[in-house]
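Data block below; observations after.
These figures come from a predicted structure and were not determined experimentally.
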Amino acid sequence: MTMGFQRREVVLACGEVRDYDAAAWHDTIVWVRDGEVELETIDGTGQRFGVGAVLCLAGLPLRVLRNPGPGAATLVAIRRNQTDSFSAQAPSYSC
């Protein structure tokens with residue numbers, strides 16, 4: 001993606017479970033494009049999100065991401081480039 005952003009798609013097959021990796025979701029907005037995703041916390045509580053949900057997965061006490069099925073679930077993740085002028089490493093203005 002241009003203009004200082006990166007886009008990636010994460011596809012979870014029916015029934016697929018992925019361990020939560022906090023670093024993978026840092027500074028990212030996630031949109032559920034297809035299917036449904038269940039987020040399971042470290043205490044075992046789960047919450048489902050369907051098509052159109054917009055999520056921020058950074059810093060949450062999650063254990064896994066799960067696709068409860070029946071089809072594939074597609075998550076679209078958008079993140080700022082680390083080198084853009086609005087990143088924490090660079091000032092957003094110049095004097």
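Taking E9 as the reference, R7, R33, T74, V76 meet the side-chain contact (heavy atoms from CB on, under 4.5 Å) condition, with sequence neighbours excluded.
For the atom pair CZ (R63) and OG1 (T41), the distance works out to 8.5 Å, reported to the nearest 0.5 Å. Atoms CG and OG1, from L62 and T45 in turn, are 11.0 Å apart once rounded to the nearest 0.5 Å.
For the pair C14 and G69, the tightest heavy-atom approach, listed with the atom from each and the gap, is SG-CA, 3.8 Å. Annotation for E36 and A73: closest pair O-CB, 3.4 Å, computed over non-hydrogen atoms. L60 and Y20 make their closest contact through O-CE2, 3.5 Å (heavy atoms, listed as atom of the first residue, atom of the second, distance). The minimum heavy-atom distance between L55 and L39, with the atom names listed, is CD1-CD1, 4.5 Å.
Placement of F5 and W31 within a single hydrophobic cluster is found when ILVMFWY residues are connected by side-chain heavy-atom separations under 4.5 Å, directly or transitively. Follow the hydrophobic side-chain contacts under 4.5 Å out from V64 and you never reach L57; the two are in separate clusters.
Side chains of R18 and V10 form a contact here, defined as non-hydrogen atoms less than 4.5 Å apart. Contact check for L75 versus V32: side-chain heavy atoms found under the 4.5 Å cut-off.
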Does the pair T28 and I78 meet the rule for a side chain to side chain contact (heavy atoms under 4.5 Å, CB included), with working shown? CA-CA 5 Å; T28 302; I78 306 293; 5.8 Å; no

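Evaluation of the salt bridge (Lys or Arg N to Asp or Glu O under 4.0 Å) test over residues 51-60, restricted to residues two or more places apart or in two chains, returns none. Listed by first and then second residue, the salt bridge (Lys or Arg N to Asp or Glu O under 4.0 Å) pairs involving residues 49-59 amount to none (not counting sequence neighbours).
For the pair N67 (side chain) and A13 (backbone), a donor-acceptor distance under 3.5 Å is present. R79 places a side-chain N or O within 3.5 Å of a backbone atom of H26 that can act as its donor or acceptor partner. Distance alone, capped at 3.5 Å, places no donor-acceptor pair between the R66 side chain and the L12 backbone.
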